[in-house]
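One structure below.
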Amino acid sequence: MAGETFRVTAGLAGLALGLTACGAGKQPAGVPTGPPREGGTLRIIGSSDVEHLDTASANSVGAYGLTRTFARPLFGTKASNDFDETVPLQPDMAAEIPTRENGGVSEDGRTYTVRLREGVRWNTRPPRPVTAGDFVRGFKRLCNPAAPSSGKGYYISTIKGMDDYCDGFGEVDAKSAEAIAAYQNDHDIEGLTAEDDHTLVFRLDRPASDFLNLLALQFTAAAPQEYDRYVPDSAEFRRNTVSDGPYQITEYRPSGSYVLSRNPVWRSDTDPLRGRYVDRIQITLGQDSPQVVQQQLEAGTADLAWDHPVPTAAIPRLRRARDPRFAIRDTPSNSPYVVFNTRSPSNGGALGEVRVRRALQYAVDRTALIKIVGGPEVAEPLHTVIPPGNSGYAPANPYPTAGEAGDPARCRRMLAEAGHPDGLKLNFPYRTNSVHKLIAESLAANLKDCGVSTRLTPDAGGTFYGKTISSPDKAAQGAWDIAAPGWTPDWYGNNGRSIIQPLFDGRTYGPGSTNYGGYDDFQVNGLIDAALTAPDPSRAAGYWQMADKKIMEDAAIVPLLNRSHPIFHSSRVGGAVFLPTTAGYDYTRLWLAGG
């Protein structure tokens, strides 16, 4: 049910046993009940700034949770502590879900007509309505050369003419706001038109059974005309965000803090997915210790963690105490996984060789990683690209080891057979927040047992994705060889596209791409196209499964864990409902005891 603060799922049977066997002890603090109260400041603390704040380029769970407070797409999903309730699409800025029955979808499945909800306004001076033209601007910004969207491939492969539009945008001066705005305003996307202020029409190259899911992503939020003044996602842009949601950013210190206050022109009757209870949301960054963050949450000097899950060492204690502030929420994901920079010149280009990558599959001790993240109640071993609970998943283990503990002897032998008897030397950047350092150290120890040495370098969350592993230039220089990013699908349900395409479509490789390792395989690209043009979700799932199998044959990545999310809030937080795609509670639904 939506109001529960702790849910035991079928995948967490061990947790249920732990709860029934807990012993007596000091009772934990409770959580507020009753109707929501208004007022107060929600205090959120954590480590790193988002890599992108601009909705066009934002591509992390933290950024999604933040932008949801001030930027609204056409559709969205409901926050709930019942995972199944978070999957179905809901109208957000759209007045209704378009269907063939209501005339919103053409008989051939290639034209979608979306009517906007009335009464939604920007917090400009003076306030003005959000229009269909603002959504067109939002789509046009996805291909900007300054901070291009990592999700642009979704739309390039779907909306008629967007590929040509984006190709031309790549030639524009990335440092000139004027040049970027001029291109946007002087060029159209053939398959996207604003028929009037309240009506959008999308024309697709081919039917896409998941197209409405694409319109629910934060990438596609409306963009006001004021954004033409700034280079996308620049420092100047970040100081001047505009809101059509319940909150607005009123203070921002890069890598330091955010303050969000109430958007005075937002109206609850125009927003079916969000609320607005607290007066302010204060996000304080720079705290890299999950343990210190947890101490503050339990003491009540802070309310939520920004980018830290509950520390592993605290989980058994919180479970035994049946602490109502603690929960393990479902987030079916491939998190983390090891990605190989197939374009690195290091070691004579060894990581471009499939035999080398296959050898390294046998290095990993997944049991150690499970302990690091919180035990079997929190994570399970993963051996496929697509995790359970997602379209196209099928159980498989192409590189098995006894007890999931790795096989370093086999790894060494295979490396020697691949022409590297003396092992490899790999550059390994890691994220500094949460348990990522411990994960990197564990993986480095595994690789050492295989004769592979690693150079571990800390890389703050704001640069790890945005400036390191998504930079083709750094890949080509060998600035990194392996990394351990994570991937939570952009949506659930009919979502095969949200895993295989962004991570492995070789045609999308470039600045800002989430195909971090530069993997490019003709057969996989063809399977992606077949899945995208499949007549129904079940047929598409078959193609996604085939692509998964081929990617694992090529050993493009090492899947590690399918991981749930341990989360905690302070005693004064009420209304805690979860959004799996943000790995956090919906800030707009939270309220505070005592204001």
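One is the number of the first residue; the rest follow in order along the sequence.
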Exercise for review: Sequence neighbours left out, what pairs pass ring-ring contact (aromatic ring centres under 6.0 Å, His included) with at least one residue falling in residues 337-363?
Suggested key: Tyr362-Tyr399

**Study point:** Parallel, tilted or perpendicular: ring planes of Tyr154 versus Phe219, cut at 30 and 60 degrees
**Key:** tilted

Point to revise | Residues forming a side-chain contact (heavy atoms from CB on, under 4.5 Å) with Lys160, sequence neighbours excluded | key: Glu190, Asp205

Review point. Asp505 versus Asn515: any side-chain heavy-atom pair under 4.5 Å?
Key: no

Practice item. Keeping the roles fixed (side chain from Ser344, backbone from Asn341), state whether a donor-acceptor pair exists under 3.5 Å. Key: no

Review point. Does any pair with a residue in residues 435-447 pass salt bridge (Lys or Arg N to Asp or Glu O under 4.0 Å), and if so which ones, sequence neighbours excluded?
Key: none

**Study point:** Where at least one partner belongs to residues 143-152, residue pairs that pass side chain to side chain donor-acceptor pair (under 3.5 Å), sequence neighbours excluded
**Key:** Asn59-Ser150

Review point. Is it true that the NZ or CZ of Arg357 lies under 6.0 Å from the centre of Tyr519's six-membered ring and within 45 degrees of the ring axis?
Key: no

Practice item. Just jot down the side chain to side chain donor-acceptor pair (under 3.5 Å) partners of Thr533, sequence neighbours excluded, or say none. Key: none

Revision key, fill the gap. Checking Asn446, Val558, Leu382 against Arg366 for side chain to side chain contact (heavy atoms under 4.5 Å, CB included), the one that qualifies is Val558

Check your understanding: For Asn495, does its backbone N or O pair with a side-chain atom of Asn213 as donor and acceptor, under 3.5 Å?
Key -> no

Revision key, fill the gap. Sequence neighbours excluded, the answer for side chain to side chain donor-acceptor pair (under 3.5 Å) partners of Ser209 is Asn494

Revision key, fill the gap. Contacts satisfying salt bridge (Lys or Arg N to Asp or Glu O under 4.0 Å) that involve residues 477-501 (not counting sequence neighbours) are Asp210-Arg497

Exercise for review: Verify, without hydrogens or angle tests, whether Asn562 (side chain) and Pro387 (backbone) share a donor-acceptor contact under 3.5 angstrom.
Suggested key: no

Practice item. Check for a donor-acceptor pair, side chain of Asn347 on one end and backbone N or O of Lys425 on the other, with a separation under 3.5 Å. Key: yes

Exercise for review: Please collect all salt bridge (Lys or Arg N to Asp or Glu O under 4.0 Å) contacts where either partner lies in residues 520-548, sequence neighbours excluded, each pair once.
Suggested key: Arg507-Asp529, Asp521-Lys550

Exercise for review: Compute the centroid of each ring, for Phe139 and then for Phe202, and state whether the two points are separated by less than 6.0 Å.
Suggested key: yes

Review point. From Asp554 CG over to Arg358 CZ, what is the distance, rounded to the nearest 0.5 angstrom?
Key: 6.5 Å

Point to revise | Short side-chain to backbone donor-acceptor contact, Thr463 and Asp459, under 3.5 Å | key: no

Check your understanding: Ser470 side chain to Tyr465 main-chain N or O, any donor-acceptor pair under 3.5 Å?
Key -> yes

Point to revise | Under 3.5 Å donor-acceptor, Asp164 side chain and Gly161 backbone | key: no

Study note, to complete from the structure: Contacts satisfying salt bridge (Lys or Arg N to Asp or Glu O under 4.0 Å) that involve residues 379-408 (not counting sequence neighbours) are none

Exercise for review: State whether the side chain of Ser498 and the backbone N or O of Pro489 hold a donor-acceptor pair below 3.5 Å, judged by distance alone.
Suggested key: no

Check your understanding: Is a side-chain N or O of Arg431 found less than 3.5 angstrom from the main chain of Phe464, in a donor-acceptor match?
Key -> no

Exercise for review: Kindly write out the residues that satisfy side chain to side chain donor-acceptor pair (under 3.5 Å) with Gln294, not counting sequence neighbours, or none if the list is empty.
Suggested key: Glu298

Revision key, fill the gap. Residue set satisfying side chain to side chain donor-acceptor pair (under 3.5 Å) with Tyr516, at least two apart, ordered chain then number -> none

Exercise for review: Not counting sequence neighbours, which residues clear salt bridge (Lys or Arg N to Asp or Glu O under 4.0 Å) with Asp54? List them please.
Suggested key: Arg141

